[in-house]
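To keep things clear, I will list the structure first and then write my remarks on it.
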Amino acid sequence: MKRYWEIDALRGLMLVLMTVTHLPTRLTDPLGQPFGFVSAAEGFVLLSAFVAGLVYSRIGHVRGVDSMRQAFWRRVLKVYLCQAAILLFLFTVIAALGVHIDQPAVKNLVSYYLAEPRDGFLFGLLLIYEPPLLDILPMYIFFMLMSPWVLAFAMRHGWTLVMVASATVWAMAQFGLSEWVYGLAVRYLGVPVPFHEMGAFNTYAWQFLWFAGLCLGASRNAPDARPLRFPAWLLAAAAGIALYGFYWRHTGINGQAPFGGDVEMNLLFDKWQLGPLRIVNLVALGILAVGFGPALMRKIPRLHWLEAMGSASLPVFCAHLVAVLLVLAFYGDNQLARPWWGDGLLLAAVFAGMYFVARFTRGADVPPPADDVPSEPARA
């Protein structure tokens, strides 16, 4: 099956931007949401969903739905083991360093675990307690668990009903669906984890982004699939929206908060809720990427180091988390803790480590082609 090196390069770029955002340096704020009011997390989730739809729908078409589902389960297990390993690293090495050094950044990061170590450990492994920075993989696992059922349904009945349902859940998430479900869990299941310790991402909102990417990827395997083409007027409108978002983000007096202290208005661009105007900004950037990306990729040299990191996105993502946690343990979250040259050396060392992990794990994070997946047993 053809591998899209452009997608790998884009995923590598998203990993670089996430690392710059998470590491406390002088570049954290300037390079946070660099293309407008859209972060690297949205790009990473959308691209990951696209690849999942592309790969696993191909397995479903060639080998059957059961084989596709088993391939999803294997991927989920791998991601869960990575999440569990990072949690153990956080609860042992990082927590011990934070308490020994008396590092406020670490103690705030694991405040619930330090207050309730047994519940923190148990519910962390159950993916209910999600410390900051460690809340992306649990969301990814949840989406991967749902994906085989959604893909199987869409392969039989089309994507219209799926996307309508997904958009409806996203809309409900804007009006408190997550808090309502949490209230039911506390009332009937006795969940002791506070709501704010269950991850910053609103999963009910972000599922819309995942299933949109899954739909786009799976559609590439349809028998009548054609290259995506957009009319000139749509490209012009997308360019206008993207340029305005870029200008507003980098010249507005409020920085990454488009409306300053107006909490209600900022929800329109909210990252964690995946606000509606944030989706508009993301769609505009996506249209431009599809419309002009292929021509641009033919003119610039291939960035093999970005491709390497993108093709090994899971181990590289985990490596970036380990690096960020170690920096927080020793330096704290002060972005001015080092001089400019110190920030440069730190970023160079972290990126070199991420690239080494990508090369060392080369091939280990690549999904199997359809021909390597066992087929379903024949039915009488």
Checklist outcome for this item: Test side-chain contact (heavy atoms from CB on, under 4.5 Å), reference Val324, set Leu328, Val327, Leu321, output is Leu328
Item to check | Other residues, nucleotides, ligands: >12 heavy atoms within 6.0 Å of Tyr247 OH | outcome: no
Next on the checklist: Counting only heavy atoms not in Tyr331 (residues, nucleotides, ligands), do more than 12 fall under 6.0 Å from its OH?
Outcome noted: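 Incorrect, the count does not exceed 12.
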Next on the checklist: Taking Met163 as the starting point, is it possible to reach Trp149 by hopping between hydrophobic residues whose side chains are less than 4.5 Å apart?
Outcome noted: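 In one cluster with Trp149: Met163, yes.
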Next on the checklist: How close do Arg11 and Ser48 get, counting heavy atoms only, and between which atoms?
Outcome noted: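 Arg11 and Ser48 have their closest heavy atoms at NH1-OG, 3.9 Å.
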Checklist outcome for this item: Pro24 and Gly332 have their tightest heavy-atom pair at CG-O, 3.5 Å
Please check this pair: side chain of [X] against backbone of [Y], looking for a donor-acceptor N/O pair closer than 3.5 Å.
| X | Y | answer |
| --- | --- | --- |
| His320 | Met354 | no |
| Trp170 | Leu274 | yes |
| Gln174 | Gln273 | yes |
| Arg75 | Met144 | no |
| Thr28 | Leu23 | yes |
| Arg278 | Phe37 | yes |
| Gln83 | Leu134 | yes |
| Asp270 | Asn266 | no |
| Gln207 | Ser166 | yes |
| Tyr56 | Arg69 | no |

Next on the checklist: Taking the six-membered ring for Trp, are Trp248 and Tyr244 closer than 6.0 Å centroid to centroid?
Outcome noted: yes
Checklist entry - Between Tyr113 and Phe121, does the ring centre distance come in under 6.0 Å? => result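 No, the ring of Tyr113 stays outside the 6.0 Å limit from the ring of Phe121, centre to centre.
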[Y] side chain reached by [X] side chain, heavy atoms, under 4.5 Å:
| X | Y | answer |
| --- | --- | --- |
| Trp159 | Val150 | yes |
| Phe72 | Leu151 | yes |
| Tyr140 | Val76 | no |
| Phe123 | Glu116 | no |

Next on the checklist: Out of the candidates Trp180, Tyr112, Tyr182, only one should pair with Phe195 under the ring pair (Phe, Tyr, Trp, His ring centres under 6.0 Å) rule; please name it.
Outcome noted: Tyr182
Item to check | Passing candidate, ring pair (Phe, Tyr, Trp, His ring centres under 6.0 Å) with Phe201, options Phe142, Trp206, Trp210 | outcome: Trp206
Next on the checklist: With rounding to the nearest 0.5 angstrom, report the CG to CE distance, Leu13 to Met18.
Outcome noted: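 Here the rounded value is 10.0 Å.
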Checklist entry - How many angstroms lie between atom CG of Leu17 and atom CG of Leu27, to the nearest 0.5 angstrom? => result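 Going from the CG atom of Leu17 to the CG atom of Leu27 covers 11.0 Å.
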Next on the checklist: Per the salt bridge (Lys or Arg N to Asp or Glu O under 4.0 Å) rule, what does the pair list look like for residues 304-318, sequence neighbours excluded?
Outcome noted: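 Only Arg302-Glu307 qualify under salt bridge (Lys or Arg N to Asp or Glu O under 4.0 Å).
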Next on the checklist: I'd like to check the ring-ring contact (aromatic ring centres under 6.0 Å, His included) partners of Phe230; sequence neighbours left out, ordered by chain and number.
Outcome noted: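 Phe230 satisfies ring-ring contact (aromatic ring centres under 6.0 Å, His included) with no residue once adjacent residues are dropped.
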